[in-house]
Amino acid sequence: MTGLGYAMTPVLAAAPLSPPTHRDIWWLIIIKTLAIFAFLVLATLFMIWAERRVVARMQQRIGPNRVGPFGLLQSLADGLKLALKEDIVPAMADKAVYILAPVISAIPAFMAFAVIPFGPTVSIAGHHTNLQLTDLPVAVLFVLAMSSLGVYGIVLAGWSSGSPYPLLGGVRSAAQVVSYEIAMGLSFVGVFLYAGSLSTSQIVAAQAHRWGILWAAISFAVYAIAMVGETNRAPFDLPEGETEIVGGFHTEYTSLKFALFYLAEYINMVTVSALMTTLFLGGWRAPWPISLWSEANVGWWPLLWFLIKLGIVLFVFIWLRGTLPRFRYDQFMQLGWKVLIPVNLLWILAEAAIRVVNVSNWRTWVIPIVVLAALLILGSFIADVVQRRSEERMQMPRVGPALVPNPDSPYPVPALGPATHPPLAATVAAREGASGESHSDVRTEGDGRA
Amino acid sequence: MFSYVPIFALFLLAGGFAVFSIIAGSLTGPKRYNRAKYDAYECGIEPTPQPVGGGRFPVKYYLTAMLFIVFDIEIIFLYPWAVAYADMGVFGLVEMVLFIVTVFIAYVYVWRRGGLEWD
């Protein structure tokens, strides 16, 4: 506690102190709760439609255009159709957990949105209230907690189905979400460093003059990647890799139980996008040219800016899906653990050091130099590890010697790669020669039968 | 505590909706029994016999979970530091460098031992 840090207070003072937490009247709470619920359900229906339309356009198709104007009611029709489908509980399933899993998945998805601020204080029927369901002092932590709870739904769904594909999809999903949650959690630190608060409304207030994306550019980049990994979306949609494990954890789910998982996935997408808007893109504050207008950040207008920003982030989600191929699982985990985490840690230290330099007198210049030295040592650690691993890789093929197909084996050995695979014809010829008996009759099956 | 009341309200609403959907789904759909429907779905082939309890999964995932806990705890320590950083200045920075380096050593160890490899 050197006291030098007190020079930081002007930055904090720039953020207006939150008004003393005034209590909303009961009917306002009910209205806001219903509004958030309706918003999330509508956003999901809209997103499913928008995704299908936009991806269709990207693939030179038209997309759903039959139900309602522009096909807008398509997702509603799909939901109704799902409700009219048979509700199957597989014989091998653990029934209680199987039924509970979609509920566990859906509830936290809804709850996380409670702390997102849609706008400043407005007046509804003579009562002043924030356009935010509740202004928790630990709001961002609450969002993280809810996204962690959602993992239970996924892993329990996979486990309780009693079927191999869902099990694999469930554990993959869980590993993926927890891995990227670390990257996500670390990227928030960069935001807290400048905002000095965990409360979403105060973080928005701290961005009055400069958006978080400028303050914490690296944190923003890491968050942008982590949020896609966290929501299991393309190009990180490995748990639902259709070509490998069918639908992943929800393969065995039908009817409205399946719909609940679908709903949870899209709500999570909206939530992480809203969180990105709130933490990095100025929240409900108007973007630069509009912000010159004095009325831009009061009343109901901010709701519009917020929704526009949210829409842009959500569009990027769709865009990614239409553009990028799926990652391989090991590459994906490598990106999370070996790139995002160290980059994030270094960035946190660097940002903290920069802040210290900005506010301290000449003597404390020593400290950033020490920090810089520490960063260099850490960096060289990483470089060393990376170099050694790449050397090992150069010396040794990825496939171990025990796995190389054995031509002498009577059993067919799966091909492990073009480099280690002996020519098939040679293998067949060698085997035929060894057994002293021609299998040509098998190949010319038609002649044999004739 | 009052600020948690709206969250509880949203919990009730979301929970009610989810439970309602599950019950509604089991009532509105048809019920046509067919043994094959209740088998595990494996793209049409005969399902593999499953051990009781849903089977086991690679120990790799357990390692990931342990690493997650290590870093999650690091994050928990980083948050209060980041919020109170303005009041701590240089002292806070030095302390946090020491803490991050400590955890980082464990991280490098796991990396070197191949704990982060998937193949």
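Treat the numbers as computed from the prediction; the structure is a model and nothing was measured. We name chains A, B, ... by the order of the sequence lines, and we start the count at 1 in each one.
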So which part of F68(B) gets closer than 4.5 Å to some heavy atom of chain A, the side chain, the backbone, both or neither? both

Ring centroid separation F17(B) to F20(B) under 6.0 Å: no

Supply the atom-to-atom distance L12(B) CG to I7(B) CD1, rounded to the nearest 0.5 angstrom. 12.5 Å

Under 4.5 Å from any heavy atom of chain A - which part of F11(B): both

Using non-hydrogen atoms and a 4.5 Å limit, figure out which bit of E95(B) sits close to chain A: side chain, backbone, both or neither. neither

With chain A, the option among P30(B), G29(B), S21(B), A24(B) that has the most non-hydrogen atom pairs under 4.5 Å is P30(B)

CG (N344(A)) and CD1 (I341(A)) are apart, to the nearest 0.5 Å, by 8.0 Å

Give the member of S105(A), G336(A), G185(A), A264(A) that has the highest number of heavy-atom pairs under 4.5 Å with chain B. G185(A)

Just wondering, more than 12 heavy atoms not from K81(A) lying within 6.0 Å of its NZ? no

Which bit of L82(A) comes within less than 4.5 Å of chain B, counting heavy atoms only: side chain, backbone, both or neither? neither

Does a sphere of radius 6.0 Å around CZ in F8(B) hold more than 12 heavy atoms from other residues, nucleotides or ligands, not counting ones at 6.0 Å or beyond? no

Donor-acceptor pair, distance only, cut-off 3.5 Å: does the side chain of T28(B) make one with the backbone of A83(A)? yes

Given heavy-atom pairs under 4.5 angstrom as the criterion, report whether the side chain, backbone, both or neither of I105(B) touches chain A. neither

Select one option (side chain, backbone, both, neither) describing which atoms of A9(B) are under 4.5 Å from chain A's heavy atoms. both

So, the part of L263(A) with a heavy atom under 4.5 Å from chain B: the answer is side chain

Proximal component of E252(A), with respect to chain B [non-hydrogen, under 4.5 Å]: side chain

Heaviest contributor of heavy-atom pairs below 4.5 Å to chain B, chosen from L186(A), I36(A), V138(A), is L186(A)

Tell me, for S255(A) versus chain B, whether the close heavy atoms (under 4.5 Å) come from the side chain, the backbone, both or neither. side chain

With chain A, which of I22(B), L78(B), V97(B) has the greatest number of heavy-atom pairs at distances under 4.5 Å? I22(B)

Quick one: which of L136(A), I88(A), V103(A) has the most heavy-atom pairs under 4.5 Å with chain B, could you say? L136(A)

Does any backbone or side-chain atom of I100(B) lie under 4.5 Å from a heavy atom of chain A? Answer side chain, backbone, both or neither. side chain

side-chain contact (heavy atoms from CB on, under 4.5 Å) involving V89(A) - partner list, sequence neighbours excluded: A93(A), K95(A), Y98(A), K257(A)

Among side-chain atoms of S148(A) and E181(A), is any donor-acceptor pair under 3.5 angstrom? yes

To the nearest 0.5 Å, what is the distance between CD1 (I23(B)) and CD1 (I99(A))? 10.0 Å

Highest number of heavy-atom pairs under 4.5 Å with chain B: which of I348(A), L260(A), I182(A)? I182(A)

With a 4.5 angstrom heavy-atom cut-off, which part of F332(A) approaches chain B: side chain, backbone, both or neither? neither

W81(B), Y107(B), Y79(B): which one forms the most heavy-atom pairs within less than 4.5 Å of chain A? Y79(B)

How about F77(B): does its CZ atom have over 12 heavy atoms from other parts shown lying under 6.0 Å from it? no

Turns out that what part of L84(A) lies under 4.5 Å from chain B's heavy atoms comes down to both

Can you see which heavy atom on M111(A) is nearest to which on M146(A), and at what distance? CB-SD, 3.9 Å

NZ/K85(A) to CZ/F258(A) distance, rounded to the nearest 0.5 angstrom? 12.5 Å

